[in-house]
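A short write-up of the structure that comes next.
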Amino acid sequence: MNDDNTPDNSEGADDARPQRHIRSYVLRQGRMSPGQIRNIEEGMPRWGIEYAPQAIDYAATFGRRAPVVLEIGFGMGFTTAEIATARPDTDFIGIEVHGPGVGNMFKLIAEQQLANIRVIQHDAVEVLRDMIPDGSLAGVHVYFPDPWPKKRHLKRRLIQAPLVAQLAAKLAPGGYLHCATDIEDYGQQMLDVLSAEPLLENTVDGFAPRPDYRPLTKFEARGLRLGHGVWDVIFRRKG
Ligand SMILES: C[S@@+](CC[C@H](N)C(=O)[O-])C[C@H]1O[C@@H](n2cnc3c(N)ncnc32)[C@H](O)[C@@H]1O
């Protein structure tokens, strides 16, 4: 990632190594301020979940039984905090690889005393595979995933058939998968891939109107400044 957390144009040093799966990000450590480092050191033991190849016990993690919504790639966490504040009866697990974003998420949790957010700093693909039980989620949010606009980078996009099949399997019947993007062809890709997943059905005909519960995200605002449109895609698990 570049410093502004957008994909850069290089292939990244990790491309030469054998990989278990194609990464949807290139990790740049970026410049972590002492404050951000402190936020992570203080936040991780309280609201962090360390990656481990072991299913998360939601009740033990949150100290209650409530619907659980997973967010992939929360960026700086502002949207996550706003949604979690508006939905106190739902628990949220946010996954993000970018250190400054994770630090900021912990800062927001501490400042706003948000009891219903936990954070995992790890590749979402591995977290899904190893830590999220099948049929356990009330919803999944994937807001403005890295667009990877160059043709040779399209394979890095998150929303592709194998991941969507995995996400669908993690949803409880009736649970929803909500993706949004400001890149038109990625929006169409989202609609096509979700439509082709047998476990899912569209909540509307085609693209969804932006639902009230989704605030403007940082990357959405950036896209709007650049004159982009916005495409929301919301499907439910059948059954
Ligand atoms: C373009 S930003 C959007 C951030 C935020 N959702 C927003 O709308 O402002 C995409 C984020 O996804 C994160 N990301 C990309 N691939 C990821 C992965 N496999 N696991 C976890 N986070 C990932 C990136 O680090 C980045 O912060």
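Atoms within each ligand, like the ligands themselves, are counted from 1 in listed order.
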Salt bridge (charged side-chain N to carboxylate O under 4.0 Å, His left out) for Asp123 and Arg23? Distances and angles first, verdict last. CA-CA 8 Å; Asp123 181 0; Arg23 291 206 187 284; 2.9 Å; yes

Which of the atoms of ligand 1 are close to [X], meaning less than 4.0 Å from one of its heavy atoms?
X: Phe144; answer: 1 (C), 2 (S), 3 (C), 8 (O), 10 (C)
X: Val97; answer: 20 (N), 21 (C), 22 (N), 23 (C), 25 (O)
X: Asp123; answer: 18 (C), 19 (N), 20 (N)
X: Thr217; answer: 7 (C), 8 (O), 9 (O)
X: Tyr25; answer: 15 (C), 16 (N), 17 (C), 18 (C), 19 (N)
X: Lys218; answer: 9 (O)

Is there a path from Val204 to Val233 through hydrophobic residues (I, L, V, M, F, W, Y) whose side chains come within less than 4.5 Å of each other?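 Shared cluster, no.
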
Taking only Lys NZ, Arg NE, NH1 and NH2, and the carboxylate oxygens of Asp or Glu, determine whether Glu42 and Arg46 approach each other closer than 4.0 Å.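 Salt bridge absent between Glu42 and Arg46.
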
Carboxylate-amine/guanidinium proximity below 4.0 Å for Asp91 and Arg64: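 So Asp91 pairs with Arg64 through a salt bridge.
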
I'd like to know if the side chain of [X] reaches the main chain of [Y], judged simply by a donor and an acceptor atom lying under 3.5 Å from each other, with no hydrogens or angles considered.
X: Glu197; Y: Leu199; result: yes
X: Asn39; Y: Phe106; result: no
X: Tyr186; Y: Ile159; result: yes

Is the closest heavy atom of [X] to ligand 1 under 4.0 Å?
X: Glu96; answer: yes
X: His122; answer: yes
X: Ile72; answer: no

Can you check whether Tyr143 has an N/O within less than 3.5 Å of an N/O in ligand 1?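 For ligand 1, there is an N or O atom that lies under 3.5 Å from one belonging to Tyr143.
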
Ligand 1 to Phe219 polar contact by distance, N or O atoms, under 3.5 Å: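 Checking ligand 1 against Phe219, an N or O pair does fall under 3.5 Å apart.
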
Return the orientation label for the His141 and Tyr143 ring planes: parallel under 30°, perpendicular over 60°, tilted otherwise.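 Ring orientation, 0 to 90° scale: parallel.
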
Got more than 12 heavy atoms from elsewhere within 6.0 Å of CD, Gln166?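 More than 12 heavy atoms, drawn from other residues, nucleotides or ligands, come within 6.0 Å of this atom.
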
Please compare Ala180, Ala124, Ser24 and report which has the shortest non-hydrogen distance to atom 17 (C) of ligand 1.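 Selected option, by shortest heavy-atom distance: Ser24.
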
Considering only heavy atoms, which of Leu216, Asp146, Asp182 lies nearest to atom 15 (C) of ligand 1?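 When every heavy atom of Leu216, Asp146, Asp182 is considered, Asp146 comes closest to atom 15 (C) of ligand 1.
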
